[in-house]
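In what follows, chains carry the letters A, B, and so on, assigned in the order in which the sequence lines appear, proteins first and then strands, with residues in each chain numbered from 1. Values in this document were obtained by computation on a predicted structure and should not be read as measured data.
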Amino acid sequence: MLTILFDGIAYGMLLFVLACGLSVTLGLMNFVNLAHGAFAMAGGYVTVIMMNRYGISFYWCLPAAFIVTALAGAVLERLLYRRLYSASHLDQVLFSIGLVFMSIAAIDYFMGGQQQLINLPPELSGRFGFMGIDIGRYRLFIIVICAVLTVALQLALTRTRFGSQLRAAVDDGRVARGMGINVSVIFALTFALGSGLAGLGGALGTELLGLDPNFPLKYLIYFMIVVTVGGTSSITGPFIAALLLGIADVAGKYYVPQLGAFIIYAVMILVLILRPHGLFSREGGR
Amino acid sequence: MISFSRRLLIAGAALATLAGVPAFAQETVKIGVILPMTGPFASTGRQVEAGARAYMAINGDTVAGKKIELVLRDDAGTADQTRRIAQELVVNDGVKMLVGFGLTPLAMGVAPVLNQAKIPAIITSATTSAIMKQSPYFVRTSMAGPQSAVPVATWAVQNNLKRVVTLVTDYGPGIDIEKGFTDQFKKDGGTVVEALRVPLQNPDFAPFLQRVRDAKPDALFVFVPSGVGAIFMKQFVDRGLADAGIKLIATGDVTDDDLLNGMGPSAKGVITGHFYSTDHDSPENKAFVAEVRKANKNMRPNFMSVGGYDAMHVAYAALEKTGGDTDGTKLVDAMKGMEFVSPRGPITIDPDTRDIVQDIYMREVKEKNGELYNVEFATYPDIHDPNTAAK
């Protein structure tokens with residue numbers, strides 16, 4: 001019972017790291033970036049290449065996955081995304097889904113279509129018992145990293161100068177510019193941060209979710225569910241949503257395996273009926 | 001006397017020349033190959049293509065005086081495209097045979113085209129039992145899914161694994177295999193404690209594995225598609241099911257030769273039943289593996305690849321039998337009942353069902369020269385598709 005709860009939390013946390021970058025770009029910057037999964041995939045492939053080709057330790061791969069995808073995000077933002085901030089949401093959707101297909105084809109060309117596998121360091125595999133709960137070491141590792149990340153992110157957005165500048169830039173770009181805030185740089189940094197988080201999620205997820213060129217499309221639906229259920233105005237929303245969905249999905253599959261995949265959608269529908277704008281949102285439950 | 005034999009000689013020479021003409025002109029027979037070369041099933045396509053090309057590299061590209069040409073098309077794994085491409089290949093390119101089809105719905109999609117055009121299609125990878133009934137022009141060189149599950153059931157009971165949980169992916173092949181395994185397992189006196197079906201799009205196996213652990217069976221029987229199988233197996237080990245005394249038995253998809261090395265030490269000792277292993281000890285297989293490795297950056301051929309290889313053998317041998325006649329019905333008739341030694345071992349095309357009859361091997365994952373292989377230790381000969389043979 002508690003083991004199921006623990007597994008659910010770990011899975012939810014992983015979903016959160018994968019999706020929170022999207023809630024940053026979508027919620028804070030109001031940009032519909034469906035290519036979010038492509039950044040996650042990039043992080044995963046960075047890990048696979050570093051570990052399998054160069055034998056670098058898994059612990060170094062995590063920051064590397066964050067940095068590489070953040071840089072890639074920054075470059076793409078300067079070259080491509082920037083031009084579409086003022087475009088309609090439909091244009092943004094078309095553009096980013098196009099990027100998804102390009103990333104799939106590119107990865108398929110360079111890395112091949114097969115499933116990529118990594119071997120975790122021995123101290124992260126296996127499990128131990130703690131007060132009657134069976135705890136998987138790797139799942140515990142995911143929970144710790146995600147918890148630290150969530151707190152750091154929340155503080156960064158609410159307590160730092162960068163956070164307030166970002167919120168100002170989003171709410172009224174013109175006034176913010178008038179106040180001497182470099183909106184363009186703030187946006188580039190934010191986008192890079194969102195992409196980097198996705199990359200980190202991809203690196204962490206490789207072991208559990210698997211990694212092949214189709215990753216961005218396969219998990220797009222999960223990112224979207226987390227962000228929709230969570231609402232887009234804060235980090236807490238998607239965090240609670242990811243936990244809720246993770247636990248519901250794992251518990252549902254354990255207790256009623258016949259229903260299998262439908263639990264997560266049922267929860268989403270239920271939440272959206274009660275609170276159409278997500279769990280936490282400025283509009284609230286109307 | 002002399003003049004008579006001379007006349008005979010001249011007539012003979014004239015006849016020889018006449019017969020020789022088509023051989024010199026070397027008419028080309030096109031074979032359409034439809035495979036998912038991009039998208040989620042691209043690795044299937046790549047393996048089948050490698051297998052088919054390996055056959056041509058080893059056996060040459062002429063048979064019965066005809067030159068064989070492959071026309072490869074990518075359907076990206078979507079059924080409507082498979083059907084459209086099949087039509088184009090038949091109508092515009094004039095292919096005489098079709099080869100390929102990565103998944104059941106893709107194969108199903110081309111059945112109407114075959115029935116109308118009356119040309120044979122050799123299935124290299126789709127595995128459900130239901131496909132073969134869709135068209136009298138289907139011939140299969142991959143397998144019928146449950147074929148490999150039946151010997152696993154028999155083996156499990158013989159080795160005192162009598163309480164088993166089954167876990168399959170919830171789609172056509174998975175359900176076929178679940179039925180094939182369960183029927184045989186019950187007949188041999190085993191009990192299925194629980195039958196779990198995992199959604200096709202399933203990110204996390206934790207809840208299912210925990211359920212298996214709590215049910216405490218002697219063994220867990222698994223079928224999941226190959227890429228997913230690798231992730232599944234790692235989670236199986238990570239959850240400590242093996243330490244809890246639960247054995248993992250599976251069809252060979254889980255320990256796909258293509259991915260086996262990447263799975264690492266956790267794969268060691270897993271018992272599977274399947275029709276092909278890269279490690280199969282025969283001269284045919286050694287030549288096949290060497291050719292695929294040479295032409296594809298040292299890629300290991302897997303069970304998909306051997307399906308492509310044997311499809312080409314069936315196509316060649318059928319042309320040989322018809323003397324180069326490309327009439328579709330004659331070709332299918334030539335394929336029925338065909339027997340030969342494939343890299344996987346001896347196989348037969350059942351004359352009634354046009355399905356493959358083959359030996360199934362029990363294998364254990366072991367390390368050999370620093371690499372992991374499915375090492376065969378027992379053979380169950382001449383296995384038919386249990387789901388159709390039952391009728």
Side-chain angles (χ1 to χ4, degrees), chain A residues 1 3-4 6-8 10-11 14-15 18 48 52 101 104-105 108-109 112-120 122 124-129 134 136-139 205-215 217-219 221-222 246 249-255 257-262 264, chain B residues 36-47 76-77 167 170 194-214 225-235 237-241 243-244 256 258-267 296-297 299 302:
Chain A
M1 165 66 195
T3 308
I4 287 299
F6 173 79
D7 285 339
Y11 176 45
L14 184 61
L15 278 184
L18 278 164
V48 165
N52 292 357
F101 287 114
I104 290 176
D108 189 57
Y109 181 80
Q114 75 277 37
Q115 191 73 239
Q116 302 286 344
L117 302 164
I118 54 168
N119 282 307
L120 292 178
L124 285 183
S125 50
R127 51 208 292 113
F128 60 91
D134 264 342
R137 293 206 174 88
Y138 187 60
R139 284 175 197 259
T206 305
E207 173 74 8
L208 287 185
L209 307 177
L211 185 69
D212 62 62
N214 235 40
F215 187 93
L217 281 184
K218 205 156 129 196
Y219 291 108
I221 184 83
Y222 292 95
D249 194 41
V250 168
K253 281 173 179 165
Y254 180 79
Y255 290 109
Q258 308 86 296
L259 287 180
F262 296 104
I264 199 166
Chain B
M37 299 302 291
T38 54
F41 305 100
S43 59
T44 301
R46 226 157 276 175
Q47 283 278 0
L167 186 149
D170 195 2
E194 205 166 351
L196 298 172
R197 290 181 182 175
V198 181
L200 196 52
Q201 287 279 13
N202 183 60
D204 189 4
F205 288 105
F208 297 105
L209 285 171
Q210 190 59 38
R211 212 178 155 93
V212 173
R213 207 190 154 129
D214 295 347
S226 76
V228 183
I231 303 163
F232 176 85
M233 218 187 50
K234 295 179 92 172
Q235 292 200 19
V237 175
D238 208 41
R239 194 152 287 265
L241 269 73
D243 304 332
D256 186 345
D258 198 3
L259 302 171
L260 190 54
N261 261 328
M263 294 182 205
S266 62
N296 299 282
K297 296 185 200 153
M299 176 177 86
N302 67 359

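Most heavy-atom pairs under 4.5 Å with chain B: of the set A/Phe215, A/Tyr219, A/Tyr138, this distinction falls to A/Tyr219. The residue among A/Leu217, A/Val250, A/Leu209 with the most heavy atom pairs within less than 4.5 Å of chain B is A/Val250. Between chain B and the options A/Ala10, A/Gly126, A/Gly210, heavy-atom pairs under 4.5 Å are most frequent for A/Gly126. The choice from A/Ile118, A/Leu15, A/Asp249 that makes the most heavy-atom pairs within less than 4.5 Å of chain B is A/Ile118.
Using a 4.5 Å cut-off between heavy atoms, A/Ile104 does not touch chain B at all. Neither the backbone nor the side chain of A/Phe262 comes within contact range of chain B; no heavy atoms are under 4.5 Å apart. In this structure, chain A has no heavy atom under 4.5 Å from any part of B/Val198. Interface remark: A/Arg139 contributes side-chain atoms only to the contact with chain B (heavy atom separation under 4.5 Å). For a residue to count as touching a neighbouring chain, one of its non-hydrogen atoms must lie under 4.5 Å from one of that chain's; by this rule B/Asp243 does not touch chain A. When heavy atoms are compared at a cutoff of 4.5 Å, A/Asn52 does not approach chain B at all. Contact of A/Ser125 with chain B is made through backbone and side chain together, with heavy-atom distances under 4.5 Å. Of the two parts of B/Leu196, only the side chain, counted from C-beta on, holds a non-hydrogen atom closer than 4.5 Å to a non-hydrogen atom of chain A. Both the backbone and the side chain of B/Arg211 come within contact range of chain A, with heavy atoms under 4.5 Å apart. The contact between A/Asp108 and chain B is made by backbone and side chain atoms together, counting heavy-atom distances below 4.5 Å. For a residue to count as touching a neighbouring chain, one of its non-hydrogen atoms must lie under 4.5 Å from one of that chain's; by this rule A/Pro257 touches chain B with backbone and side chain alike.
Annotation: side-chain contact (heavy atoms from CB on, under 4.5 Å) contacts of B/Asn302 (sequence neighbours excluded): B/Gln47, B/Asp256, B/Asp257, B/Asp258, B/Met304, B/Ser305.
When each of A/Leu117, A/Leu120, A/Leu14 is tested with A/Glu207 by the rule side chain to side chain contact (heavy atoms under 4.5 Å, CB included), just one qualifies, namely A/Leu120.
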